[in-house]
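Structure first, then comments.
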Protein chains: 2
Amino acid sequence: MADLFAKIATDPSMQAVRMGKETGIYPYFKPLSETEGTEVVIDGRRMIMIGSNNYLGLTTHPKVREAAIEATRKYGTSCTGSRFLNGTLELHKELERRLARFMGKQAAIVFSTGYQSNLGAITALLEKDDLAICDKEIHASLVDAVKMAGCQMKRFRHNDMNDLERVLKENKDAAKMVIVDGVYSMGGDLARVPEIAELCRKYGARFFVDDAHGLGVMGPGGRGTAIHFGCVDQVDLIMGTFSKSFASLGGVIAGDQDVIDFIQHHARSFIFSASMPPANAAAVLACLDIIEADPSYVERVHTQSAKVRKALREMGYNCGESVTPIIPVIIGSEMYTVAAWQSFFEYGIYTNPVLPPGVPPNKSLLRTSYMATHTDEQIEKIIAGFYEVGARIGLIQERETVAA
Amino acid sequence: MADLFAKIATDPSMQAVRMGKETGIYPYFKPLSETEGTEVVIDGRRMIMIGSNNYLGLTTHPKVREAAIEATRKYGTSCTGSRFLNGTLELHKELERRLARFMGKQAAIVFSTGYQSNLGAITALLEKDDLAICDKEIHASLVDAVKMAGCQMKRFRHNDMNDLERVLKENKDAAKMVIVDGVYSMGGDLARVPEIAELCRKYGARFFVDDAHGLGVMGPGGRGTAIHFGCVDQVDLIMGTFSKSFASLGGVIAGDQDVIDFIQHHARSFIFSASMPPANAAAVLACLDIIEADPSYVERVHTQSAKVRKALREMGYNCGESVTPIIPVIIGSEMYTVAAWQSFFEYGIYTNPVLPPGVPPNKSLLRTSYMATHTDEQIEKIIAGFYEVGARIGLIQERETVAA
């Protein structure tokens, strides 16, 4: 009789975890005891946070907090049921109407997490013989969704239009959807949305954009990557998440009314899961109010991150193709990346180390990301830290003067 | 070139939805504009709620609201990141320690939804050649989890120990796990946990109990179905959810430390999803405080539901094997069930209609469920309603006196 749990004792990644914990170099699950958004307290030490997806800094905005508090007072702390049954509030319907308008689509449906949004939409629409054509760097939740759908999957080289066209040409007859991220979560680069849309039209494919890191950040008013490129009508479905710019938890799929209706009645991650708590929904509505009234949040996340990107590149860091508030610092070796993470951590800068399988082998990186609410002083301190730590541990060459 | 969206126009379930909406008999997605827990307002009308999983009525408890509000003030409205990276607060760690103790296990891991808890645990532990042996009535999220895991699956007849033993005997050599619900969400009956545990021991299977509807309800202090049966040590993994008794959103898996560590490092729905917002975590902690200090909530949900169950059975309703606050009213035909739902709705009682595929064909039912906070007056009104409406539409025989 084989034991299902036998794999636990011999699993190589668990051995790596145990070794990391024993040597004190274990960069994951660091509990924060306080957070002001741009600063956090870990093990009693205050640090600058450049490892968050809180791009607009709205998680601590007074109006967002107040909206969440008011919703808790009005509705309580939970809906204790599926949207399908007793878990739909007027608040959810209002949120769906507002998001559809914001995202430039007829209709929208909100899910309790971003992960479940991708699961729900993809598994509702793609069946056994259908084909998902996926960029190699799409988010893990989309890969899980395609796996759960049980449909066919082909992948194309990241943002490579020739490779995408090859796959489309080879699968002319299939009922198919091209699936990409709007903003790639590790590289901070953008999908080539207009070219992909054109190829989808040419080969009869539907087009899905996961804009988790683009919604609230890209395009006029933060209305997303498709609107940034002026081709929202050529994208069939756009996914967004609330645990980034929208200071909450949850996700949304926007598209044509009939498609959204279909997803609403077929997405098992929607039907068989409890709905968004009132406070979570209210926080998103408050964020929409804020960014629709005041464009400075969206503008500022770009100006602040552009300063860092320029400085890092001048110092000689490899920031890949980043054009967004996500700026990777590509290091290469796993060990060196963990050591660099540790050095920045000790300096007082919180970054996220990303190792395989999150990135290809020998492409390990520190993922850094910036917020509209990072002050100029914090940005200067971050840049100074990248110079000081980077020169000390040999990530960059030391120079006469620092470009801060 | 086949169109992926062609299925939308011809889908039979969407045709049923359109017909239901046109005839005005469409029982789903009714938006609530207000909720006091036991009463809700829909379309401007106040109704008694017996279609909620808010078993202890804690979603509107002042201490639970206050804890959520305080957490929002202290931490903001979101963690904007994975538990793995920047999304772990001390609050999450505290919640995991408290839940492990409450559930009688060494360790626990919390997920952002109950759905993702099942997905994460099952996909982490079960691989291609492993075998999931599932009760036929387990929750949809477990079926989805097994599908995503890509492992083998066999099902046994609901709570049928001979059928379970047959499957175990036929798969003696496989690395396997038996998967059941503690409390079945539609029937309100209990898994035969001691007997299943004994069979698991005999045939070398691991044992997983989804106690979404049992945690906070069953056993001394609401500590769950396994503790109710006195055999928590014979269950390897216990899942709980926070969108029922715990007045929030999220879920938990409890078990031995090494198994939980393994899940923590392998569950993609944990790693690739944002963590529980501070308010959601704080609400669960407040619920634990309340039910650990005051056993009356757990006691009262049973006394109130027992009154209804006794009265319904005396009136001649078929309530199946219910022994919990979930009491099905089994009607049979789909049309008659929807008509009955409509009649109760118009009377001012909110129930949930459950049709195939939620139940087997010709086993359609109204799912009713009760709360510790239903007042005696509300319970009397519910019982009177079941008599009045049931007799009028022929669900039960009219009698001289009503047993209220």
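In what follows, every chain begins at residue 1, and chains take the letters A, B, ... in the order their sequences are listed.
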Handout entry: Contacting region of A:Glu66 [heavy-atom separation from chain B under 4.5 Å]
Key = neither
Exercise for the section: Could you grab the distance from atom CG of B:Leu4 to atom NZ of A:Lys176, nearest 0.5 Å is fine? Expected result: 9.5 Å
Practice task
Look at A:Asp261 together with B:Arg18 and state whether they make a salt bridge at an N to O cut-off of under 4.0 Å.
Solution key: no
Problem - Structural part of A:Thr35 lying under 4.5 Å from a heavy atom of chain B - result: both
Practice task
Would you check if the distance from the ring center of B:Phe29 to the ring center of A:His92 is below 6.0 Å?
Solution key: no
Problem - Any A:Asn54 side-chain heavy atom under 4.5 Å of B:Asn86 side chain - result: no
Practice task
Determine the option with the most heavy-atom pairs under 4.5 angstrom with chain B, choosing from A:Tyr75, A:Phe246, A:Phe5.
Solution key: A:Phe5
Handout entry: Heavy-atom pairs under 4.5 Å with chain A, option from B:Lys74, B:Arg73, B:Lys93, B:His139 with the top count
Key = B:Arg73
Exercise for the section: To the nearest 0.5 Å, tell me how far A:Thr123 OG1 sits from B:Met148 CE. Expected result: 8.5 Å
Problem - Portion of A:Leu119 that has a non-hydrogen atom of chain B nearer than 4.5 angstrom - result: side chain
Problem - Residue among B:Ala2, B:Gly76, B:Ser245 with most heavy-atom pairs under 4.5 Å to chain A - result: B:Ala2
Practice task
Could you tell me which of A:Val40, A:Asn171, A:Thr60, A:Asp130 has the largest number of non-hydrogen atom pairs under 4.5 Å with chain B?
Solution key: A:Asp130
Handout entry: Over 12 foreign heavy atoms within 6.0 Å of NZ, A:Lys21
Key = yes
Problem - Backbone N/O of A:Ala247 and side chain of B:Thr77: donor-acceptor pair under 3.5 Å - result: yes
Problem - Under 4.5 Å from a heavy atom of chain A, the part of B:Ala283 involved - result: side chain
Practice task
Compare all side-chain heavy atoms of B:Leu32 with those of A:Glu90 and state whether any distance is below 4.5 angstrom.
Solution key: no
Problem - Under 4.5 Å from a heavy atom of chain B, the part of A:Arg367 involved - result: neither
Practice task
Output the option from B:Leu58, B:Asp173, B:Ile42, B:Leu89 having the highest count of non-hydrogen pairs under 4.5 Å with chain A.
Solution key: B:Leu89
Practice task
Could you tell me which of A:His266, A:Lys244, A:Met276 has the largest number of non-hydrogen atom pairs under 4.5 Å with chain B?
Solution key: A:His266
Problem - Close side-chain approach of A:Glu127 to B:Lys7, heavy-atom, < 4.5 Å - result: yes
Fill in the blank from the handout: Honestly, the part of B:Ala205 sitting under 4.5 Å from a heavy atom of chain A is neither
Exercise for the section: Specify the closest pair of heavy atoms between B:Ser273 and A:Tyr115, including all atoms of both residues, with the distance to one decimal. Expected result: OG-CB, 3.8 Å
Completion exercise
When the 4.5 angstrom heavy-atom criterion is applied to B:Asp256 and chain A, the contacting part is neither
Problem - chain B interface, residue from A:Tyr203, A:Tyr55, A:Phe272 that has the most non-hydrogen pairs under 4.5 Å - result: A:Phe272
Exercise for the section: Could you tell me which portion of A:His61 (side chain, backbone, both or neither) has an atom closer than 4.5 angstrom to a non-hydrogen atom of chain B? Expected result: neither
Practice task
For each of A:Ala274, A:Gly204, A:Ala145, A:Ala140, tally heavy-atom pairs with chain B at distances under 4.5 Å, and name the one with the top tally.
Solution key: A:Ala140
Handout entry: side-chain hydrogen bond (donor to acceptor under 3.5 Å, both in side chains) between B:Ser52 and A:Thr80, intermediate numbers included
Key = CA-CA 6 Å; B:Ser52 161; A:Thr80 70; 3.0 Å; yes
Handout entry: Contact summary for B:Ile8 and A:Asp258, nearest pair of heavy atoms
Key = CG2-O, 3.7 Å
Exercise for the section: Considering only heavy atoms and a distance below 4.5 Å, find which of B:Ser269, B:Gly87, B:Gly81, B:Ala279 pairs most often with chain A. Expected result: B:Ser269
Handout entry: Region of A:Ser275 in contact with chain B, defined by heavy-atom distances below 4.5 Å
Key = backbone
Exercise for the section: Report the distance from atom CD of B:Gln116 to atom OG1 of A:Thr113, rounding to the nearest 0.5 Å. Expected result: 3.5 Å
Practice task
Among B:Ser248, B:Pro31, B:Ala67, B:Gly51, single out the residue with the greatest number of heavy-atom pairs under 4.5 Å to chain A.
Solution key: B:Pro31
Exercise for the section: Return the option, out of A:Pro277, A:Ser185, A:Cys79, A:Gly150, with the maximum number of heavy-atom pairs under 4.5 Å with chain B. Expected result: A:Pro277
Exercise for the section: Could you look at A:Ile263 and say if it's the side chain, the backbone, both or neither that has a heavy atom under 4.5 Å from chain B? Expected result: neither
Handout entry: Non-hydrogen side-chain atoms of A:Ser112 and B:Leu249 separated by less than 4.5 Å
Key = yes
Handout entry: chain A contact via B:Val17 - which portion, at a heavy-atom distance below 4.5 Å
Key = side chain
Exercise for the section: For the pair B:Phe84 and A:Tyr28, name the ring-plane relationship: parallel under 30°, tilted 30 to 60°, perpendicular over 60°. Expected result: parallel
Fill in the blank from the handout: Turns out that what part of B:Lys30 lies under 4.5 Å from chain A's heavy atoms comes down to backbone
Exercise for the section: Would you give the length of the straight line joining atom CG of B:Asp3 to atom CE of A:Met177, rounded to the nearest 0.5 angstrom? Expected result: 11.0 Å
Practice task
Side chain from CB out, backbone as N, CA, C, O: work out which of these in A:Arg206 comes under 4.5 Å of a heavy atom of chain B, or both, or neither.
Solution key: side chain
Exercise for the section: With a 4.5 angstrom heavy-atom cut-off, could you sort out which part of A:Asp236 is near chain B: side chain, backbone, both or neither? Expected result: side chain
Exercise for the section: With a 4.5 angstrom heavy-atom cut-off, could you sort out which part of B:Arg83 is near chain A: side chain, backbone, both or neither? Expected result: both
Completion exercise
Between B:Leu85 and A:Pro353, the two heavy atoms sitting closest are CD2-O, 4.4 Å
Fill in the blank from the handout: So, the part of B:Leu237 with a heavy atom under 4.5 Å from chain A: the answer is side chain
Exercise for the section: Answer with side chain, backbone, both or neither: which region of B:Ser13 has an atom nearer than 4.5 Å to a non-hydrogen atom of chain A? Expected result: side chain
Completion exercise
Scored by heavy-atom pairs under 4.5 Å with chain A, the best of B:Asp144, B:Asn280, B:Val259 is B:Asp144
Practice task
Below 4.5 Å from any heavy atom of chain B, which atoms of A:Ala149 appear? Answer side chain, backbone, both or neither.
Solution key: backbone
Exercise for the section: Quick one: pull up NZ in A:Lys147 and CZ in B:Arg268 and give me the separation to the nearest 0.5 Å. Expected result: 7.5 Å
Practice task
With a 4.5 angstrom heavy-atom cut-off, could you sort out which part of A:Ala68 is near chain B: side chain, backbone, both or neither?
Solution key: side chain
Handout entry: Exercise: do A:Asp11 and B:His265 side chains pair donor with acceptor under 3.5 Å
Key = no
